[in-house]
Peer 1: 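Sharing a structure with you now.
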Amino acid sequence: RDLDDRLPDDSPPAVERAGHALRLAAVRRRLTGVAPGDRRALLLHAVRGLSYGEVAGHLGITLAAVKSRIFRARAALLGRPAPSRSGESS
């Protein structure tokens, strides 16, 4: 078989794939420390692509509660102190 018949390998180098796997593992570990309701809201928005309004409908909570939950989840992932939950409506 000629070299011209082969398709180029567009996959990232092994070092890059390993770095991605390590970052993904770190995010997964940090997610375990996020409150379940906050984590659920964040994942519905960030991973499944739902809008804040769609997340609110899916979880049966207010739009303000979704915003608060996602804010707290992001803060937790970044290792920042989360604000108090007082005043959040569910």
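For reference, positions follow the sequence shown, starting with 1. Predicted model only: the values in this text are computed from it and were never measured.
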Peer 1: With sequence neighbours left out, write down each residue that passes side chain to side chain contact (heavy atoms under 4.5 Å, CB included) with Arg29, or none if nothing qualifies.
Peer 2: Ala25, Ala26
Peer 1: Taking only residues two or more places apart in sequence, or in another chain, which ones meet Arg74 in a side chain to side chain contact (heavy atoms under 4.5 Å, CB included)?
Peer 2: Leu42, His45, Tyr52, Ile70
Peer 1: What about Val27 and Leu43, same hydrophobic cluster or not, with Ile/Leu/Val/Met/Phe/Trp/Tyr joined at side-chain heavy-atom distances under 4.5 Å?
Peer 2: yes
Peer 1: Is Val47 reachable from Leu24 through a run of I, L, V, M, F, W or Y residues, each pair having side-chain heavy atoms under 4.5 Å apart?
Peer 2: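 Leu24 does not cluster with Val47.
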Peer 1: How many angstroms lie between NE2 in His58 and CZ in Arg48, if you round to the nearest 0.5 Å?
Peer 2: 5.5 Å
Peer 1: Which heavy-atom pair separates Arg40 from Leu59 by the least distance, and what is that distance?
Peer 2: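 Heavy atoms of Arg40 and Leu59 come nearest at CD-CD2, 3.8 Å.
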Peer 1: Picking from Leu44, Asp38, Val55, Val34, what satisfies side chain to side chain contact (heavy atoms under 4.5 Å, CB included) with Arg69?
Peer 2: Asp38
